[in-house]
Amino acid sequence: MSKQKKNSKLLEGSLVTGALKQSFVKLKPGVMLKNPVMFTVYIGTIIMLGVCIWIAGGETSQGSLAYNLIIFGVLFITVLFANFAEAIAEARGKAQADSLRKTREDTPAKKIFPVGEMYVNEMKIVPSAELRKGDYFLCEAGDMIPMDGEITKGIATIDESAITGESAPVIREAGGDKSSVTGGTKVLSDRIEVRVTTEPGESFLDKMIALVEGASRQKTPNEIALTILLASFTIIFLIVCVTLKPFADYANTPITIAAFVSLYVCLIPTTIGGLLSAIGIAGMDRALRANVITKSGKAVETAGDLDTLLLDKTGTITIGNRKATNFYPANGVEAATFTEACALSSLADQTPEGKSIIELAKLDRIKLNTSGAKFIEFTAETRSSGIDLTDGTRIRKGAFDSIRKMVEKDGNIFPNETAEKVTGISSNGGTPLVVSKNNIVLGVIELQDIIKPGIQERFERLRKMGVKTVMVTGDNPLTAKFIAEKAGVDDFIAEATPEDKMNYIKQEQQGGKLVAMMGDGTNDAPALAQADVGVAMNSGTAAAKEAGNMVDLDNDPTKLIEIVEIGKQLLMTRGTLTTFSIANDVAKYFAIVPALFITSIPALQALNIMQLHSPESAILSAVIFNALIIPMLIPLALKGVAYKPIGASALLRRNLLIYGLGGVIVPFIGIKLIDLVVALFI
């Protein structure tokens with residue numbers, strides 16, 4: 001799925017040709033029945049075909065054969081246009097599916113056979129189709145990854161352009177939250193062992209293909225509700241048209257079957273009925289073009305109604321790579337001694353923070369005596385790391401409260417000036433790391449994280465949409481508060497644990513709010529599953545991707561903001577086209593009803609405000625306009641109505657003005673222009 005594919009034209013020639021063919025394929029009654037509004041137009045078209053055959057057999061009371069054939073032809077085209085709208089939306093997804101199929105080839109896999117099957121870790125090349133969940137395979141530089149999995153050993157640079165469209169390679173490694181790999185991507189360097197996490201036919205690419213083809217697309221709750229509403233309108237207008245017959249007989253006004261069918265078709269909301277499926281498919285398509293895979297149309301729609309967004313601080317609000325900016329030794333501690341302790345405690349720290357401490361210390365690694373030393377890795381429980389030297393010296397570097405507990409537990413005093421420096425760093429948005437030697441405080445390292453440029457404007461944009469933003473961070477409350485205020489978020493969760501995230505989501509949901517969250521780790525899975533919209537990173541763990549209902553292929557934490565806008569655009573597009581469609585009925589009413597009764601009831605001349613040429617031209621003009629408006633609105637249904645974060649009430653006023661008033665005016669002008677042309681032939 002290349003960037004070129006993502007930026008393709010709305011109506012490509014090859015897609016249009018295929019969609020035209022599908023428009024005829026979709027004429028099957030079983031397929032048409034899924035759209036109640038257009039199904040009744042389909043029935044009306046069949047009735048008109050019967051009327052034409054009847055007239056050809058000698059019937060004279062139903063008007064000329066040519067007139068009835070034209071009505072039949074226009075109704076048939078109306079049905080085809082509605083089918084075309086859905087088919088072109090599906091074709092865009094199928095085109096992406098075809099490009100994905102090229103990626104999903106049966107690549108050879110270097111399967112590792114464990115003890116008991118052949119030999120100890122014996123490797124054998126097998127087709128990828130033979131791999132099963134739980135199997136292990138090996139990938140080296142130049143190999144295609146045969147199946148979705150998680151790296152269990154090693155680190156590698158991987159080209160994911162076949163999936164994401166991004167040419168820049170990414171690094172994936174065993175352990176942590178960047179261990180997931182996708183079948184169809186390519187290993188560029190190094191060597192990794194991978195455990196298969198999916199069964200054949202259930203891989204990420206298989207799911208993507210099914211989703212973009214629309215095979216697993218189900219109607220969303222709002223779409224179902226709107227379909228029921230449109231079906232209700234259809235029944236009401238059917239009753240209106242049926243009861244019109246006794247009134248016509250009473251007024252001695254003969255009304256042909258063609259006139260009744262035309263009136264019915266023009267009064268029911270055929271425009272939105274024909275475009276409804278296309279709007280839903282296009283919503284998922286826009287998400288996919290933003291490199292977001294949605295597991296259902298409901299997820300995209302729910303994103304448009306969100307009230308609360310939970311966003312990780314690191315990588316979303318801030319750049320993510322915190323850097324050491326200052327060393328602050330405690331009173332009585334020499335700067336050189338403190339700097340050396342900082343460097344020693346960070347030698348085994350491969351995080352960007354640890355590397356930046358070594359850079360700031362400007363010490364030669366070779367001169368640091370670490371032979372025989374034991375490196376202590378960082379853990380979530382201790383919230384500290386360090387080194388134990390062979391002479392018994394223990395150096396620790398970690399969070400303020402963690403080091404303070406160690407120091408005080410050993411009977412030592414935590415210096416007040418160091419505590420004040422910790423508070424000062426936190427208050428300025430920095431992260432303090434306290435360093436101790438044999439449980440005696442040596443000083444503080446200041447880490448600073450940079451807030452992403454433009455993030456304040458994006459949060460303001462969300463605020464105008466009525467969406468509350470919540471920053472989730474492991475930082476202490478002082479640091480969290482400073483960054484929250486500087487970034488412009490509405491709330492924050494400091495020193496957040498997985499339980500804290502879950503509880504916050506549940507609390508918001510109990511208040512009747514819809515909540516979204518983004519995550520990539522196994523510990524994020526419960527919260528992703530609990531959230532109404534859970535967006536998992538493609539690089540994240542299999543548990544996270546299974547728990548979420550969306551997957552971001554770009555691994556961009558700020559994508560959540562874009563997803564909200566896509567969801568709101570979907571809802572707005574559906575609402576505006578529904579408004580436009582229903583408003584159309586006003587003009588079509590004034591075109592057809594006076595035309596039916598104007599001969600027998602001259603007083604209705606006052607309603608003939610368009611001054612149409614004749615009853616026949618009025619009916620023809622109305623049905624022709626009714627047919628043409630559907631393909632004219634297809635590009636809008638696919639592209640979506642332009643969304644601006646101006647508030648719900650302001651949006652409602654704007655849409656009523658543009659699409660409500662426009663939906664009344666445009667048909668008056670269109671029907672009159674068509675009538676002027678039709679009059680030349682009648």
Side-chain angles (χ1 to χ4, degrees), residues 173 175-176 314 320-426 428-449 473-476 478-479 495:
E173 60 183 322
T314 305
N321 292 340
R322 294 179 294 185
K323 289 192 173 183
T325 55
N326 284 294
F327 291 148
Y328 298 105
N331 289 347
V333 178
E334 292 184 3
T337 303
F338 179 56
T339 301
E340 183 180 354
C342 292
L344 284 168
S345 67
S346 303
L347 283 175
D349 189 347
Q350 294 303 309
T351 64
E353 293 90 342
K355 292 176 181 177
S356 73
I357 292 171
I358 299 293
E359 290 174 9
L360 185 62
K362 296 178 181 177
L363 294 178
D364 188 348
R365 285 173 175 259
I366 299 174
K367 293 181 179 180
L368 295 172
N369 184 18
T370 58
S371 58
K374 178 184 178 184
F375 293 106
I376 311 298
E377 294 185 2
F378 177 89
T379 65
E381 290 76 22
T382 62
R383 298 181 69 199
S384 65
S385 61
I387 187 172
D388 288 348
L389 301 176
T390 52
D391 62 2
T393 301
R394 302 185 314 278
I395 300 173
R396 296 292 182 269
K397 173 193 69 184
F400 162 62
D401 55 345
S402 177
I403 300 298
R404 184 177 62 180
K405 285 178 183 176
M406 291 183 190
V407 170
E408 293 178 347
K409 186 178 181 180
D410 207 36
N412 298 316
I413 298 172
F414 197 98
N416 289 331
E417 68 276 6
T418 303
E420 289 173 3
K421 180 57 71 176
V422 166
T423 303
I425 293 171
S426 300
N428 290 324
T431 301
L433 290 179
V434 181
V435 178
S436 68
K437 181 178 179 181
N438 295 330
N439 290 333
I440 296 174
V441 175
L442 295 181
V444 184
I445 304 171
E446 180 179 5
L447 300 177
Q448 283 290 344
D449 201 352
T473 177
D475 288 336
N476 62 65
L478 273 175
T479 303
E495 298 177 343

Check: Would you say the side-chain atoms of Ser345 pair up with the backbone N or O of Cys342, donor to acceptor, closer than 3.5 Å?
Finding: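 The answer is yes, because a donor-acceptor pair under 3.5 Å joins these two groups.
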Scan the side chains in residues 327-335 for donor-acceptor partners under 3.5 Å anywhere in the protein, sequence neighbours excluded, and list what turns up.
| unit_1 | atom_1 | unit_2 | atom_2 | d |
| --- | --- | --- | --- | --- |
| Tyr328 | OH | Asn326 | ND2 | 3.4 |
| Tyr328 | OH | Glu446 | OE1 | 2.9 |
| Asn331 | ND2 | Glu417 | OE2 | 3.3 |

Which residues satisfy the side chain to side chain donor-acceptor pair (under 3.5 Å) test with [X], sequence neighbours excluded?
| X | result |
| --- | --- |
| Thr418 | none |
| Thr479 | Ser426, Asn476 |
| Asn438 | none |

For residues [X] and [Y], report the shortest heavy-atom separation together with the two atoms involved.
| X | Y | answer |
| --- | --- | --- |
| Ala373 | Thr390 | N-CG2, 4.1 Å |
| Glu408 | Phe414 | OE2-CB, 4.3 Å |
| Asn439 | Asn412 | O-ND2, 2.7 Å |
| Phe375 | Ile387 | CE2-CD1, 3.3 Å |

Check: Only one of Thr423, Val434, Leu433, Ile425 clears side-chain contact (heavy atoms from CB on, under 4.5 Å) with Phe400; which?
Finding: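 One option only clears the test, and that one is Val434.
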Next item on the list: Using salt bridge (Lys or Arg N to Asp or Glu O under 4.0 Å) as the criterion, list what pairs up with Asp410, not counting sequence neighbours.
Entry: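 Not a single residue meets the salt bridge (Lys or Arg N to Asp or Glu O under 4.0 Å) criterion with Asp410.
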Note to self: Between Lys397 and Ser346, is there a side-chain heavy-atom distance shorter than 4.5 Å?
What the structure shows: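 Yes. Closest side-chain heavy atoms under 4.5 Å.
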Note to self: Any non-hydrogen side-chain atom of Leu360 less than 4.5 Å from a side-chain atom of Thr325?
What the structure shows: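 The answer is no, as the side chains (C-beta and beyond) never meet within the 4.5 Å cut-off.
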For the atom pair [atom1] ([X]) and [atom2] ([Y]), what is the distance rounded to the nearest 0.5 Å?
| X | Y | atom1 | atom2 | value |
| --- | --- | --- | --- | --- |
| Glu353 | Ile445 | CD | CD1 | 11.0 Å |
| Ile357 | Thr339 | CD1 | OG1 | 11.5 Å |
| Leu442 | Ile440 | CG | CD1 | 8.0 Å |
| Met406 | Asp401 | CE | CG | 10.0 Å |
| Leu389 | Lys374 | CG | NZ | 13.0 Å |
| Ile395 | Ser384 | CD1 | OG | 13.0 Å |

Margin query: Filter on salt bridge (Lys or Arg N to Asp or Glu O under 4.0 Å), then keep only pairs touching residues 386-396, sequence neighbours left out; what's left?
Written below: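 Applying salt bridge (Lys or Arg N to Asp or Glu O under 4.0 Å) to every pair that reaches into residues 386-396, excluding sequence neighbours, yields Asp388-Arg396.
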